[in-house]
Amino acid sequence: EKLLRLEVDLTDEKRQIIAGIGKAYALEELAGKDIVIVANLEPRQLLGLESQGMILCADSEDGPVLLVPERHIAPGAKIK
C-alpha cells in the first residue's frame, strides 16, 4: 500500500522506479507530471521489483512532498 511502481521517461530511456509514496499520492495524480529524480544510482531490489532511481521528496508532518519544477522542463533535463 505504501510502494508505487512508476515508469518515468528520461527521453533516451524509460526507467522503473519503486517509490514509498503510496500513502501520500495516487498513481493518477502522478501521471504526466514533471518530477525530479536521481537517476545515477545503482538499481536496487524492493519487494522483488527493480528500482532504477529515486524520486526526490521533502519530509513533512503529513508525509512525503514531491519536489517539482516550477515550470515544464524536457524529460531527462539535468539537475544543476
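On a predicted model such as this, the values are computed, not experimentally measured, just so you know.
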Discussion item. Under 4.5 Å between side-chain heavy atoms, counting indirect links through other Ile/Leu/Val/Met/Phe/Trp/Tyr residues: same cluster for Leu30 and Val38 or not?
Written reply: no

Discussion item. Membership question, hydrophobic clusters at under 4.5 Å side-chain separation (ILVMFWY): are Leu6 and Leu67 in the same one?
Written reply: no

Worksheet item: Within a radius of less than 6.0 Å around CG of Leu27, do more than 12 heavy atoms belonging to other residues, nucleotides or ligands occur?
Response: yes

Discussion item. Test of understanding: clusters of I, L, V, M, F, W, Y form through side-chain heavy atoms closer than 4.5 Å, transitively. Do Leu41 and Ile79 belong to the same one?
Written reply: yes

Worksheet entry | Test side chain to side chain contact (heavy atoms under 4.5 Å, CB included) applied to Ile55 and Val36, Ile18, Ile37, the passing residue | Ile37

Discussion item. Counting C-beta onward and ignoring hydrogens, is there a side-chain heavy-atom pair between Pro75 and Leu10 closer than 4.5 Å?
Written reply: no

Worksheet item: Taking only residues at least two apart or on different chains, which pairs with a member in residues 8-21 satisfy side chain to side chain donor-acceptor pair (under 3.5 Å)?
Response: Arg5-Gln16, Glu13-Arg15

Practice prompt. Tell me whether Met54 is reachable from Leu56 by hopping between hydrophobic residues (I, L, V, M, F, W, Y) whose side-chain heavy atoms are closer than 4.5 Å.
Written response: yes

Response to the item:
side chain to side chain donor-acceptor pair (under 3.5 Å) pairs touching residues 45-61, sequence neighbours excluded, are Glu50-Gln52

Worksheet entry | Of all pairs that satisfy side chain to side chain donor-acceptor pair (under 3.5 Å), the ones with a partner from residues 21-41, not counting sequence neighbours | Asp34-His72

Fill in: Rounded distance (nearest 0.5 Å) linking atom CD1 of Ile17 with atom CD1 of Ile35
6.0 Å

Worksheet item: Do Leu49 and Leu3 have side-chain heavy atoms sitting under 4.5 Å apart?
Response: no

Worksheet item: Do Leu46 and Ile21 share a hydrophobic cluster (ILVMFWY, side-chain heavy atoms under 4.5 Å, transitive)?
Response: no

